[in-house]
Visitor: 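I have a structure here, written as structure tokens, and I will follow up with some questions on it.
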Amino acid sequence: MSRFTGTVLAVTSALALVAGSAAAAVAAPAPGAAAEAKVAPVDWKPCNPDPSQPDPKIYDCAVYQVPLDYDHPKGETTGIAMMRRRASDPAKRIGSLFLNPGGPGGSGYLWATTTRFGKDVQDRFDLVGFDPRGVARSNPLKCFTTDEEAAGVNDRMVGVPVTRAEIAQTIDATEDYSDACSRNAGPLIEHMSTINVVRDLDRMRRAVGDSKLNFAGFSYGTLIGATYAGMYPDKVRAVIVDGNVDPNLRMHNGVEYDRQRATGFEVALTEFLKRCQTAGAPRCAFGEGDTRVKFDALRDHLRTSPVTLPDGTQVTLSSFTSQVASSLYAQRLQAPLAVSLQAIHQVLNAPAVAAQGLAAAAPAVDPAVVENAKVLAKTVPNALREALPETPYSSDDSYYGVNCQDKPYPSNPWTLANLAKPWEKESPTFGRYQAFDGPTCASWPAPARDAETFTGPWNRKTATPVMVIGNLYDPATNYGFAQRMQRQLGNAVLVSVDVVEHCAVGRSAALNKLVTDYLVNQKAPAPGQLLKPDAEAFPPVA
């Protein structure tokens with residue numbers, strides 16, 4: 001950063017604005033010693049998670065009412081949609097294991113059906129998935145009334161805007177988005193911060209009859225787990241956090257948090273390209289030649305102009321960047337990504353033959369190559385949402401509803417837009433991409449500076465250490481975040497996995513053995529372990 005004077009000035013300016021706004025956040029009070037209040041029990045009803053299949057008769061569902069505003073606990077309520085998979089061995093049942101997949105805005109309802117956890121966990125725990133407030137089935141936060149209205153705003157946002165016109169158009173659209181939220185979202189928009197999700201979780205813990213919490217949170221869900229440990233340390237039985245945020249940074253400085261996310265994506269990309277080249281072709285389709293040089297050439301070309309495929313489909317910088325980012329999240333997507341990268345490399349370099357006067361001899365681009373390249377033409381949505389199509393507006397806006405209440409940002413979106421260029425120098429592929437995740441929060445009608453948030457301390461001691469899991473090359477939540485999570489918590493152990501992927505539970509038998517022992521026996525893993533995943537991104541060709 002210090003090499004770029006412009007970066008220092010821009011970041012310093014942004015951070016000063018953020019620091020001033022964050023000071024207005026209200027920290028949650030320390031947990032008291034008084035006996036906890038009783039709450040109504042969950043009214044479970046049998047349900048089938050997949051009506052197209054025979055009912056396994058092991059699932060129940062409910063909508064549990066919680067206070068909309070915890071400052072007025074007897075006032076208006078909002079419903080939390082819950083699903084549980086009953087423990088397979090009721091005689092040995094320990095309790096409930098609550099699950100959150102992250103996002104924010106990720107639907108956890110169907111996570112009751114997850115196979116990430118082994119038989120011993122399924123035997124001993126009810127697996128409880130839930131949609132946090134404002135998400136999917138839980139009174140979804142909606143900024144628009146129809147899909148068409150939403151498209152009219154969202155389609156004007158350029159994921160990775162480069163030109164002044166693209167940037168201005170995107171900023172204007174983010175402000176229109178926030179205006180729509182102000183008009184349509186209702187009072188829930190004021191109560192979407194993580195502190196409220198954690199309060200809901202504690203109510204649900206009591207409502208299922210558990211004296212202490214068992215919880216596994218992934219990605220953003222790690223903030224829920226860490227916040228619960230900070231607010232209710234004496235109510236923790238076992239908490240797993242996998243794919244970790246840096247709680248302190250995220251809740252105090254949204255700008256710097258996003259910059260460090262960009263560098264994490266870059267580290268993961270570099271490792272992906274390195275492993276691809278080591279595997280070589282055909283194990284990695286992009287592995288012939290210098291993968292770094294080839295990739296940078298593709299990205300730099302797209303920065304100035306799209307790649308037009310023979311059928312007229314265009315691959316843009318925005319679609320390319322979003323597909324690369326998405327594929328780094330899951331190791332199983334990385335071999336297919338290599339195929340698509342090699343395909344667009346072939347398409348982009350095919351005209352070079354014609355340019356040498358050999359047009360008659362130049363082979364037509366193979367239709368299969370074109371199809372593989374077309375994958376990179378589709379932009380992946382920034383937020384992972386489970387659309388519920390029975391309403392005119394089939395999505396929800398919980399991603400920004402949570403982020404903008406938790407992460408302090410400056411109130412001028414151009415402050416963030418002006419960071420794109422210096423961030424791009426530091427993180428050539430993802431700096432600009434990440435810089436434009438924040439402008440919506442600059443004009444959000446319920447920003448972090450006005451919200452009640454939990455800003456620490458994170459170091460309250462739990463009886464059982466929190467199990468922190470971090471991948472060395474996690475793109476979305478870089479490994480440094482996992483290290484900081486472990487240090488910030490009052491009692492935690494870090495287990496690491498050598499893989500390019502976001503989150504690890506269910507991807508390593510060795511890890512899952514530790515997870516099972518932790519959940520069932522409350523046995524914390526030995527610190528300092530570095531594990532391997534069960535599969536490789538580029539396995540040997542049979």
Side-chain angles (χ1 to χ4, degrees), residues 28-42 44 60 62 64 66 70 80 82-100 108 111-112 117 120-130 132 194-218 221-242 247 454 457-469 485-486 488-493 505 514-525:
E36 61 185 11
K38 290 184 178 180
V39 298
V42 178
W44 294 111
D60 301 300
Y64 190 72
V66 297
Y70 277 91
I80 307 298
M82 304 170 65
M83 177 184 286
R84 74 173 175 184
R85 180 195 186 278
R86 295 189 297 276
S88 302
D89 190 345
K92 296 182 178 179
R93 179 184 176 276
I94 293 171
S96 303
L97 174 61
F98 287 87
L99 306 169
N100 181 272
W111 270 60
F117 299 92
D120 286 347
V121 174
Q122 293 181 335
D123 284 349
R124 308 289 292 275
F125 290 91
D126 295 341
L127 301 185
V128 179
F130 65 98
T194 298
I195 191 174
N196 292 302
V197 178
V198 169
R199 287 164 170 162
D200 296 344
L201 178 59
D202 190 59
R203 285 222 167 196
M204 289 186 282
R205 188 263 306 167
R206 287 180 274 161
V208 300
D210 287 1
S211 60
K212 294 193 175 184
L213 178 75
N214 301 288
F215 176 79
F218 302 84
T222 65
L223 182 66
I224 297 174
T227 302
Y228 191 97
M231 291 177 65
Y232 308 105
D234 56 330
K235 297 302 179 183
V236 168
R237 180 187 177 275
V239 167
I240 293 172
V241 285
D242 180 10
F454 182 82
W458 311 98
N459 61 355
R460 302 181 67 86
K461 289 191 178 297
T462 54
T464 304
V466 175
M467 184 174 179
V468 180
I469 302 169
M485 173 70 87
Q486 187 274 326
Q488 288 173 32
L489 293 172
N491 187 16
V493 175
V505 172
L514 298 177
V515 165
T516 297
D517 206 13
Y518 174 76
L519 289 172
V520 173
N521 302 314
Q522 292 180 276
K523 181 181 176 182

Visitor: Checking Asp200 now: which residues fulfil side-chain hydrogen bond (donor to acceptor under 3.5 Å, both in side chains) with it, not counting sequence neighbours?
Guide: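 Tyr70, Arg133.
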Visitor: Using 4.0 Å as the upper bound for N to carboxylate O, is an ion pair formed by Glu36 and Arg203?
Guide: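 Looking at Glu36 together with Arg203, the answer is no, because their closest N to O distance does not fall below 4.0 Å.
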Visitor: Can you list the residues that meet the ring pair (Phe, Tyr, Trp, His ring centres under 6.0 Å) rule with Phe218, with sequence neighbours excluded?
Guide: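 By the ring pair (Phe, Tyr, Trp, His ring centres under 6.0 Å) rule, Phe218 matches Trp111.
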Visitor: Under the rule for side-chain hydrogen bond (donor to acceptor under 3.5 Å, both in side chains), what residues qualify as partners of Thr516, not counting sequence neighbours?
Guide: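 With neighbours one apart ignored, the set is empty.
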Visitor: Identify, with sequence neighbours excluded, every residue that meets ring pair (Phe, Tyr, Trp, His ring centres under 6.0 Å) alongside Phe215.
Guide: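 Testing Phe215 for ring pair (Phe, Tyr, Trp, His ring centres under 6.0 Å), a comparison that skips the adjacent residues, returns none.
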Visitor: Mind checking side-chain hydrogen bond (donor to acceptor under 3.5 Å, both in side chains) for Asn459 and listing every partner two or more places apart, or none if nothing turns up?
Guide: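 side-chain hydrogen bond (donor to acceptor under 3.5 Å, both in side chains) list for Asn459, sorted by chain: empty.
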Visitor: Name all residues meeting the salt bridge (charged side-chain N to carboxylate O under 4.0 Å, His left out) criterion together with Lys461; count only those two or more places apart in sequence or in a different chain, and write none if there are none.
Guide: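 Residues passing salt bridge (charged side-chain N to carboxylate O under 4.0 Å, His left out) with Lys461: none at all.
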Visitor: Going by side chain to side chain contact (heavy atoms under 4.5 Å, CB included), name the residues that satisfy it together with Ala238, two or more places apart in sequence or in a different chain.
Guide: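 In terms of side chain to side chain contact (heavy atoms under 4.5 Å, CB included), with neighbours along the sequence ignored, Ala238 is linked to Asn214, Tyr518, Leu519.
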Visitor: Partners of Asp89 by salt bridge (charged side-chain N to carboxylate O under 4.0 Å, His left out), sequence neighbours excluded?
Guide: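 Here no residue qualifies.
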Visitor: Arg237: which residues meet the salt bridge (charged side-chain N to carboxylate O under 4.0 Å, His left out) condition with it, sequence neighbours left out?
Guide: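 Checked Arg237 against salt bridge (charged side-chain N to carboxylate O under 4.0 Å, His left out); zero matches.
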Visitor: If the condition is side-chain hydrogen bond (donor to acceptor under 3.5 Å, both in side chains), which residues does Gln488 pass it with, not counting sequence neighbours?
Guide: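 By the side-chain hydrogen bond (donor to acceptor under 3.5 Å, both in side chains) rule, Gln488 matches Asp246.
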Visitor: Using ring pair (Phe, Tyr, Trp, His ring centres under 6.0 Å) as the criterion, list what pairs up with Trp458, not counting sequence neighbours.
Guide: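 Listed in chain order: Phe454.
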Visitor: Identify, with sequence neighbours excluded, every residue that meets salt bridge (charged side-chain N to carboxylate O under 4.0 Å, His left out) alongside Arg86.
Guide: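 Residues passing salt bridge (charged side-chain N to carboxylate O under 4.0 Å, His left out) with Arg86: Asp60.
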